[in-house]
Amino acid sequence: MSTTPARPAADRCPGLLRPHVAEDGALVRLRVPGGVVRTDVLGRLVALAGDTGAPLVQLTSRGNLQLRGLPDPLPEPFVAAVEGTGLLPSASHERVRNILASPLSPGLQPLVHALDRALCADRALAGLPGRFLFAVADAHGSPLSEPYDVAYQQLSPQGGLLLAGGRGRPVAPQDAVEAMLEVAHAFLAAAPEGVWNVRDLPADSPVLDGLFPCSPSLAPPLPPGPVGADLVAGVPLGLLTAQHAAALADVARFVVVTPWRSVLVPDGAAVAGRLAQAGLVPDAPSAASRVSACVGAPYCAKGETETLPVAREVVRRLDAGTGGTHAPVHVVGCARRCGARSGDLVAVAPAGADAVLAGLGAQGA
Ligand code: SF4
């Protein structure tokens, strides 16, 4: 086994054991390979978050979970309690277990588990950047819309494609884990310092040796709404509350966290009303699926504005047709703009929903 290559200190992707100290306090990110998480664990996390920081669990664009507004350093009982949820099976590899999978294809989960086990058993791969993303996709191409570094797309029980950097090659399912980890090792060996993703490698990088130009089918992000008997439930602002978690626990033993501010609820279509009552979004038309916010006051020590009520009012106005944008909107409490993503219209909240909507009109024009 090769030794772990040194990564530059600038890889600041957080975990539980190495939180990031953000403007609103310490931030902990918990990986959920494949997105499957028990609803009682979600409830426990929201309760722990509320006891120690902001009473919310944030869903990330990589299908992971974040707790924010926490004290720095983290209290030891908090760390022990989060470890007790079972979401941290490997201390050394906690930040590299970034594995997306198609939420609608439970048959891919054994491959996700095999990849996670092999990744955690490989000492060298603890040195991957925390931004390196694995994906396990179905034949429709979900979740290949996301910016993965290496993926396996299973096309049939006998065949599939290894994908990286816009290229690919056929690989049998039984060889998929080994093939993905080979690419990860090649990345560690060849990526110049400061390069975090396969897409940033030069076209002649040895990481892409043996792969050929390839355009796999891509499925778009799943909008909220029923999918057969299941339900994609949007999580407003991407922030899961105790009320949401309790409703999910009432109707399902586990859910699948998606990278699109939602959770897939198995057999959830029949209980959509119960979930809507708790504030989840059971259908696509609501602006709640494209509006997000920083945690703001009182959870952020540096924030003087309560951003969440403003963001909820912005959603209500957009849903009522009194707002003027269809772009993603991110409401922040100050110029630090925490959590804003590329492509978001960013609105600073102190002046309230009226000013936010007026400002969005000007940005979108
Ligand atoms: S943008 Fe929001 S979370 Fe960030 S410092 Fe300002 S109020 Fe706090």
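Whatever order the structure lists ligands and atoms in, that order sets their numbers, starting from 1.
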What's the verdict on salt bridge (charged side-chain N to carboxylate O under 4.0 Å, His left out) for Lys302 and Asp24, showing C-alpha distance, side-chain angles and the deciding distance?
CA-CA 6 Å; Lys302 295 187 176 156; Asp24 58 338; over 6 Å; no
Any donor-acceptor N or O pair under 3.5 Å, side chains His185, Asp122:
yes
Proximity to ligand 1 by part of Cys294, non-hydrogen separation under 4.0 Å
side chain
Using ring centroids (six-membered ring only for Trp), state whether Phe132 and Phe187 fall under 6.0 Å.
yes
Less than 4.5 Å apart, any side-chain heavy atom of Leu27 and any of Gln66?
yes
Could you check atom 7 (S) of ligand 1 against the protein and tell me its nearest heavy-atom contact, residue, atom and distance included?
Gly303 CA, 3.6 Å
Proximal ligand 1 atoms for Glu23, defined as those under 4.0 Å from one of its heavy atoms
5 (S)
Atom 6 (Fe) of ligand 1: the protein heavy-atom neighbour that sits closest, reported with distance to 0.1 Å:
Cys334 SG, 2.3 Å
Distance-only donor-acceptor check, side chains Arg261 and Ser292, under 3.5 Å:
yes
Heavy-atom distance under 4.5 Å between the side chains of Arg131 and Cys13, does that happen here?
yes
Which of the atoms of ligand 1 are close to Arg337, meaning less than 4.0 Å from one of its heavy atoms?
1 (S)
Could you confirm whether Cys300 has any N/O/S atom lying under 2.8 Å from atom 8 (Fe) of ligand 1?
yes
Near Cys338 (heavy-atom distance under 4.0 Å), the atoms of ligand 1 are 1 (S), 3 (S), 4 (Fe), 5 (S)
